[in-house]
Amino acid sequence: MNEAVIPGNTRPAAPRLADQYRAIFMRRLFWLALLAMAVVVSLVLNIATGPSGMGVGDVLTGLVAPDSLPQSLRVILWDVRLPFAVLAVVVGACLGLAGAEMQTVLNNPLASPSTLGVMHAATVGASIAIVLDLSATGMAENYLVPIFAFIGAMASIFVIQSLSRMFGATVDTVILFGIATLFALEAAISLIQFVANTDSLQQIVFWTMGSVSRATWEKVAIVSAVFFLCLPMSFRHMWQMTALRGGEDQARSFGVTVDRLRTFVLLRVSLLTAIAISFTGIISFVGLVGPHISRLAFGEDHRFYLPGAALAGAFILSGASLVAKSIVPGILIPDGIVTALIGIPLFLVLIVTQKRRG
Amino acid sequence: MTSLSIDAFSVGYGAHEVLSGITMPLIEDGTVLGILGPNGVGKSTMLRALAGLQTFRGSVHLDGERVDEMPQLRRAGKIGYLPQALPQGTTLIAYEAVISACRAVRPDIPRDHVEKAAEHVFDQLGIRHLAFQALGKLSGGQRQMVGLAQVLVREPKVLLLDEPTSALDLRWQLNVIGVISEIVSARGGICLMALHDINLAMRHCNQLMVLRGDRVLAHGTPSEAITHETLAEAYGILGRIETCSEGRPFLVTDNVCS
């Protein structure tokens, strides 16, 4: 036990706690910067990987001075590879941030955007658009499925929020309604698949596999805009969420309106998830594993935990996208499959590491 | 000068009323009030309600202002609450937990001020050595100390502490209760704490309240509140209050009532 409290103790004064903490703060900042650099490296490698030969040097040159590249390479770089690679980064960041916030407000390290059925609801929306073949209505076909997926995801959140508000927005009620919604949506997906014709069924299945290959600059802009709109709001709540990790009753007694915080955060999480996956299809594990990596590296001070989870999510999906292109040259394996295949063993390693550390 | 009045106070869960119509004489500045009573009698429920975490009926006034009508932020600035159980599975470090207690709803407080307050409270409780450890790796007693640091760093006028010594060894029990008594006598304010250790309560509280059933069985100074009769009625035990060589009363338990 500490001897500083024993009267007559004449030890020299200990260094200030704030100064000692500063060292931890700077170390975390360094790791955060390193993670950001890893994301940039994965982004460049992702851009440089593909069937038509384009080295890292070409990519860097083409990014700085596009006119120095031949027309064909310039089109490949700016219209194909770049939106593809950037979408992987921003979607990963959205899912990582959403997962981190969700795990905090639901006080559950297994929570992720799929926990509340948001992903399943998006699938229902997308499946309806595919089965009904609404392209005849004159809407841009490229955006029909994403719009329906988004509507589905937001509708599920509206239902869960309404039910939770009716019965008190505690962690238990939110998770219970989420799980109940999830099962109902699974049944709905099966029903749609049952009535779908062969073409539609194939499209639905492909959508559920998740891929950033349908990237365009408009999609990148929309997802980025939502991410950068949500990020300051997340930072505004960072101290409240940090306090929440020290206990819900404690946080309430500090003046944190926990129910309101939970409602706001879940709405933000839903928006981030819905917008991200509506353009890519289902991408699992990023929202689960990203926050775990961040927690291991940065602890749960949300000044570091939130950006750490966003960067970890971005790195995972960017890396997965790179692997998806590289496993079988010329064949693009859906990212959703790769993230799951990489995510599961990574997740197990993290759990074992945590257990060993005690 | 802080004062707290509790009048016709009732609290419960749904239709089940745990405490019913409790009225107390005015609790004045400098009071350390120990709340005693058997398990499940409503000590924790009473503290939770006073902290604004549970609705109650009746009226509770802090410095003449109704507690249940205060905005949450204002109430939080005046009342500090330490729950019985604190979370285990978090990697948040103790120093961050204490800083976040200040910053959660007041991110505008200057950094220097928060750092000084945190430094002071870690020294006051003698837990500097825990400052950079994850809460999840601390023992129950150590977590309780950090929880108390989170309460004290905000310098509330009213301290509501739910069994603050339940997980502490003897030395730290004395240390914690000593710090709390010192704070209340030096800085003023009021402390209400639920306790199980009657000897500790008799020694360090200047008033005691014994709950039994849904009401207050006894209230007053330790010697007024703890008697042979109240021990038998509240806890169902036969006990005596003896006086030690230093003149302090202490409880000797003989048997359970037949």
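To find a chain, count down the sequence lines: A is the first, B the second, and so on, and within it residues start at 1. No hydrogens, no waters, no symmetry mates; every other heavy atom, side chains included, goes into these values.
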Q. Which bit of A/Leu244 is near chain B, if near means a heavy-atom gap under 4.5 Å: side chain, backbone, both or neither?
A. neither

Q: Could you tell me whether A/Arg262 and A/Glu101 have a side-chain N and a carboxylate O separated by less than 4.0 Å?
A: no

**Q.** Closest-packed option against chain A by number of heavy-atom pairs under 4.5 Å, given B/Ala76, B/Ser100, B/Gly52
**A.** B/Ser100

Q | Under 4.5 Å from any heavy atom of chain A - which part of B/Ala101 | A | both

Q: Tell me, for B/Leu92 versus chain A, whether the close heavy atoms (under 4.5 Å) come from the side chain, the backbone, both or neither.
A: both

Q: Tell me, for B/Tyr81 versus chain A, whether the close heavy atoms (under 4.5 Å) come from the side chain, the backbone, both or neither.
A: both

**Q.** Region of B/Leu130 that comes under 4.5 Å of a non-hydrogen atom in chain A
**A.** neither

Q.
Counting heavy-atom pairs under 4.5 Å with chain B, which one of A/Asp249, A/Thr257, A/Val256 comes out on top?
A. A/Asp249

Q) Is A/Arg16 salt-bridged to B/Glu115, cutoff N-O under 4.0 Å? A) yes

Q. Which heavy atom in B/Arg66 sits nearest to a heavy atom in B/Asp68, and how many Å separate them?
A. NH2-OD2, 3.1 Å

Q) Side chain, backbone, both or neither: which part of B/Val114 has a non-hydrogen atom closer than 4.5 Å to chain A? A) neither

Q. A/Phe298 and A/Tyr305: aromatic ring centres closer than 6.0 Å?
A. no

Q.
Within 45 degrees of the ring normal and closer than 6.0 Å to the centroid, is that where the cationic atom of A/Arg28 sits relative to A/Phe304?
A. yes

Q.
Under a 4.0 Å threshold between the charged nitrogen and the carboxylate oxygen, would B/Asp108 count as salt-bridged to B/Arg106?
A. yes

Q. Backbone N or O of B/Gln142 within a donor-acceptor pair of the B/Ser139 side chain at under 3.5 Å?
A. yes

**Q.** Options A/Ala18, A/Ala251, A/Pro109, A/Gly299, ranked by heavy-atom pairs under 4.5 Å with chain B, top entry
**A.** A/Ala18

Q | Distance, nearest 0.5 Å, that separates OG1 of A/Thr104 from CD of A/Gln240 | A | 12.5 Å

Q. Any Lys/Arg nitrogen of A/Asp301 or A/Arg245 sitting under 4.0 Å from an Asp/Glu carboxylate oxygen of the other?
A. no

Q) For chain A, which of B/Lys116, B/Arg48, B/Arg75 has the most heavy-atom pairs under 4.5 Å? A) B/Arg48

(Q) Given heavy-atom pairs under 4.5 angstrom as the criterion, report whether the side chain, backbone, both or neither of B/Arg143 touches chain A. (A) neither

Q | Structural part of B/Arg103 lying under 4.5 Å from a heavy atom of chain A | A | both

Q) Can you say whether B/Arg111 sits under 4.5 Å from chain A via the side chain, the backbone, both, or neither, judging by heavy atoms? A) side chain

